[in-house]
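What follows is a set of notes on a single structure, which appears directly below.
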Amino acid sequence: MADLPKTFEPRAIEERWYAHWESGGLFRPERGEQEPWTIVMPPPNVTGSLHIGHALDITLQDVLTRRERMLGKDALWVVGTDHAGIATQMVVERNLEERQDKRTNYSRDQFVAKVWEWKAESGGAITRQLRRLGASCDWAHERFTMDEGFSKAVTHVFVELHKRGLAYRDKRLVNWDPKFQTAISDLEVETREVQGKFWTLSYPLADGSGAIQVATTRPETMLADMAVAVHPEDERYKSLIGKQVKHPITGRLIPIVADEHADPQLGSGAVKITPGHDFDDFEVGKRAGFKPAEMLNMFDATAHVVQTSDSLIPEQLLGLSREDARKAVVELLEAQDAIERVEDRVIPTPYGDRSGVVIEPWLTDQWYVDAAKLAKPAIEAVKSGKIKIVPETWAKTWFNWLENIQPWCVSRQLWWGHRIPAWYAEDGHVFVAETEEDARAEGGGKPLRQDEDVLDTWFSSALWPFATLGWPDETEDLKRHYPNDVLISGFDILFFWDARMAMQGIEFMGEVPWRTLYLHGLVRDAQGQKMSKSKGNTVDPLGLIDKYGADALRFTLAAMESQGRDIKLDEKRVEGYRNFATKLWNAARFLQMNGVGASDSIAAPAAELPVNRWIIGEVVETLAKLDAAFDELRYDEMADAIYHFVWGTFCDWYVELIKGTFDEETKAVASWAFDQILVMLHPLMPFITEDLWAAMGERPYELIVARWPEPEAQVDPQAKSELDWLVRLVSEVRSARTELNVPPSAKLNLFAADASEETAACLDRNHAMISRLARLDSIQLSAFPGTGAAQVVVDEATFALPLEGVIDFESERDRLSKGAAAAEKERDSLAQRLSNPNFTERAKPEAVDKARADHEAKSAEAGRLRAALERLG
RNA sequence: GGGCGCGUAGCUCAGUGGUAGAGCACACCCUUCACACGGGUGGGGUCGUAGGUUCAAACCCUACCGCGCCCACCA
């Protein structure tokens, strides 16, 4: 048994134990015969570094994984990284820019090679950081979404979806990001409220009979106007329907059409229609008979003005940015007095969530996935309970999103990612196939050109629960570990990732990806603000680990994780749990000094002494609480149960009680109970527990693979009530001492009056412990004959502590009166309730019985306290 | 415009139809031979507001006030 150093230094042990676990293959021992248990880690971006949100996510997963492993299961925690298309391409492009270089100086293949180079050099930062947290995942089979095998799965899925008619190419408006020059999905667009203007413009009728006023928030797009719409029932405009308008800047003749989209209440009631640059207008345009291919486009990929196909945009506007074009157009309109009104207004404006620039609706050919079809079984899976969402309030959000889902744009105009397996012949014919050879075969040997685009990163990560297990091959892992048991993710990726995993998993595996979906909240700063780099209020988990240890950080995050609500992280909490670790450490030191080491039995040792029988029962009850908390995924309750047991029960009472009496039985029980603590605490605090496990003695195996306790031992009710009584007695005496300002060093005599035989026996059995903890000189089973004693009431007995001359009668009278008054107040309120026939007749019988019993107890207590007050004189 | 969540001790949060809990902070005492990252004791809450249901509500219902988030095409 190694002597423990005086203080606990997390730094010194964390690295050593992690390396030991990993090199020893202890994260996934060979357990092919055992029941499998599976969880996949949301693959962090390969460009990422560990932030506090990861720390929470990883902690929650590791806690479950470690326990399942201790339960003896073949626990698999899949780990890997995501190629993160846009993010990674950006990083590499930025590196090039720093050297006055740029992506377009290279061929596609050359650039992609550079990305792989970057990944090899600096792509693994986050995986090192996961280790610092103690993540016990299966590194031996670490995956990457661009690995050959995984890529094969991605291609296969796309080809299959195409075959099944669930992936198709379409020309329609997409959310175009002019900064990254790629399409993005609806989910990657965030709407921000921006202060803008609402213009009312005057468009002259072509026949010279007047003008019609139209409203817009984006005057620059008028250059591609193709119609003016009015409501079919709007009396003001009915007669104009079918007439033409001469566009004030381009001179284009455009029709006035009837469409319900035009809201008579809004602005003038007439609206300009720009089908190529507005989602609503696109629909109106289609209804008005325009084909997407005919719709006018006035922007290039960077959102600068280009000539429309009818060449009607004035020369001086070409090449202008959106912003400049707006100014120029407004000036031109002002010059011809065509602006009726300008109002200030808050405009909901779409922004790219990564680029931060305004998204342009742009008419392009893209690949879409028929999400609505895939969504149906995913909705059903939750409805039927095949997937259980925790907390279940999120189910509503799940349904709401999936029921209203739009086609998913999956093509991206990037170089880094899974290239879309589609090939085009010169006649435009498209062949979708797993390989170029297959495509060529299908195309009859015609020359083919592969699609330039790559797939949305989320398209591939949606396959994570099965493609990491070897799919489409039918591997042993796949058979054993799909469906996964649980998925843990932040609710911020519920749509991006979770829902898409469910859709793809059900479509391709015929089975839900996981049985339970646990959603946790976001970590916020102590003020409740969302953490962001720009605000500078981020908490660096690695800094906290350096300062307080990984165990303390993990325990904090678990303790604060309650049913998915957001976590306001306060460093003080981490400090507090670091103190908890130190407390445990010192308890171990103390036990060690007294000859307590590793327990030699898994089952609770036989014990005679009440204190030992009691602590065994307390372990059993703590285990039950923990097991229940695990079953319900209540991390706060797990932390709470073990924290209070270790500190409030084991350290504060058991260790204090057994001080000085380390007989063989006590040593055996203390060893066993402490071992149970280490086992039960290990999922939350793996490092310190593993270290203490080793420090306490020779072990046949590491704690990480030790067995989670089974509730074999019993709670002894007798011992429980005896120790419960003892704790109350000691607490009462201590309280009286403090309130009466008795110096801690003074030892008192205790007289017990009215003690039952049982109480007398308890006093006798435990007199040494009671005397030490309550600082007593002697205990006598008789009423104190004199006056001037402090008195405390515990159950039926009244105890007197003579304080000859020391006692302050006033203080003691106050103290006793306060206690009596409190008891009487409760007694009276219970009496009142019991005198109400409505209560005794209608309330549950248990409630009535309990009220009666409580009433009796409170009456007796009040009586004893009043009697004590009398005696005081 | 829909949907969700939250408002409980100074702070951060649990909580259950039957007389309010924890941690931290605070006050007082203690250099007791594991631990001052400690020990002991204590103060502190009309459980957002107003109604309703009930024998009984902080817990259920309704409305309102305040805060936050998500979804949605009001040009």
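Order of the sequence lines sets the chain letters (A, B, ...), proteins ahead of strands, with each chain counted from 1. Predicted model, so just to flag it, every value in this text is computed and none were measured.
- In this structure, CG of Asp492(A) is placed 12 Å from C1' of C70(B), rounded to the nearest angstrom.
- Partner of Thr221(A) under the side-chain hydrogen bond (donor to acceptor under 3.5 Å, both in side chains) criterion, out of Lys272(A), Arg322(A), His277(A), Glu360(A): Lys272(A) alone.
- At G40(B), none of the side-chain N or O atoms of Thr738(A) fall inside 4.0 Å of OP1 or OP2 (strictly under the cut-off).
- Along RNA chain B, the nucleotide closest to Thr393(A) and the one closest to Ala588(A) are compared, and the more 5′ of them pairs with Thr393(A).
- At a cut-off of 3.5 angstrom, counting only N and O atoms as typed in the model, there is no donor on one side facing an acceptor on the other between the side-chain of Glu637(A) and the base of A22(B).
- Among the atoms of the strands shown, none is found under 4.0 Å from any heavy atom of Thr397(A).
- Note on Thr582(A): a base of the nucleic acid sits closer than 4.0 angstrom, heavy atoms only.
- Across all strands shown, Lys272(A) has no heavy atoms under 4.0 Å from either base or sugar-phosphate atoms.
- If you measure from atom CG of Asp280(A) to atom C1' of A75(B), you get 7 Å, rounded to the nearest angstrom.
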* Can you list the steps and then say if Asn836(A) with Gln832(A) is a side-chain contact (heavy atoms from CB on, under 4.5 Å)? -> CA-CA 7 Å; Asn836(A) 180 352; Gln832(A) 198 186 1; over 6 Å; no

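- Across all strands shown, Glu739(A) has heavy atoms under 4.0 Å from sugar-phosphate atoms exclusively, and none from any base.
- Counting heavy-atom neighbours within 6.0 Å of Lys825(A) NZ, excluding the residue itself, gives a total of 12 or less.
- Using a 4.0 Å heavy-atom distance criterion, Gly660(A) is classed as making no nucleic acid contact.
- Between the NZ atom of Lys583(A) and the P atom of G39(B) there is a distance of 4 Å, rounded to whole Å.
- For His644(A) and G21(B), the NE2 to C1' distance is 9 Å, given to the nearest whole Å.
- Atom CD of Glu343(A) is separated from atom C1' of C74(B) by 14 Å (rounded to the nearest Å).
- If you check every strand for non-hydrogen atoms under 4.0 Å, Trp647(A) touches sugar and phosphate atoms only.
- Residue contacts for Lys197(A): at a heavy-atom cut-off of 4.0 Å it reaches no nucleic acid atom on any strand shown.
- Lys825(A) comes within 4.0 angstrom of nothing in the nucleic acid, heavy atoms only.
- Regarding contacts with the backbone of G38(B), a side-chain N or O of Asn579(A) is found under 4.0 angstrom from either OP1 or OP2.
- For Arg345(A) and A75(B), the shortest distance from a side-chain N or O to OP1 or OP2 is below 4.0 Å.
- In this structure, Arg815(A) reaches neither bases nor backbone, as no heavy-atom distance under 4.0 Å exists between it and the strands shown.
- The aromatic rings of Phe491(A) and Trp394(A) lie parallel to each other, their planes meeting at an angle below 30°, with 60° marking the opposite boundary.
- We find that CG of Asn400(A) is positioned 17 Å from P of G1(B), with the value rounded to whole Å.
- Among the atoms of the strands shown, base atoms are found under 4.0 Å from some heavy atom of Leu830(A).
- Under the 6.0 Å distance and 45° angle rule, Lys659(A) counts as a cation-pi partner of Phe590(A).
- The distance between atom CZ of Phe839(A) and atom P of A57(B), rounded to the nearest whole Å, is 13 Å.
- Among the heavy atoms of the strands, none lies under 4.0 Å from Tyr577(A).
- When heavy atoms are screened at a 4.0 angstrom cut-off, Pro348(A) is found touching the sugar-phosphate backbone but no base atom.
- More than 12 heavy atoms of other shown residues, nucleotides or ligands fall within 6.0 angstrom of atom CD in Glu343(A).
- For the pair Arg218(A) and Asp640(A), nearest-nucleotide mapping onto RNA chain B gives the more 5' position to Asp640(A).
- We find that CG of Asp263(A) is positioned 11 Å from P of A75(B), with the value rounded to whole Å.
- One can find a donor-acceptor pair under 3.5 Å joining the base of C37(B) and the side-chain atoms of Arg578(A).
- Within the nucleic acid shown, Arg737(A) has no heavy atom closer than 4.0 Å to any nucleic acid atom.
- Classified by interplanar angle (parallel below 30°, tilted 30° to 60°, perpendicular above 60°), the ring pair Tyr643(A)/Trp647(A) is tilted.
- The phosphate of C4(B) has neither OP1 nor OP2 within less than 4.0 Å of any side-chain N or O from Trp401(A).
- A close approach under 4.0 Å does occur between a side-chain nitrogen or oxygen of Lys568(A) and OP1 or OP2 of C13(B).
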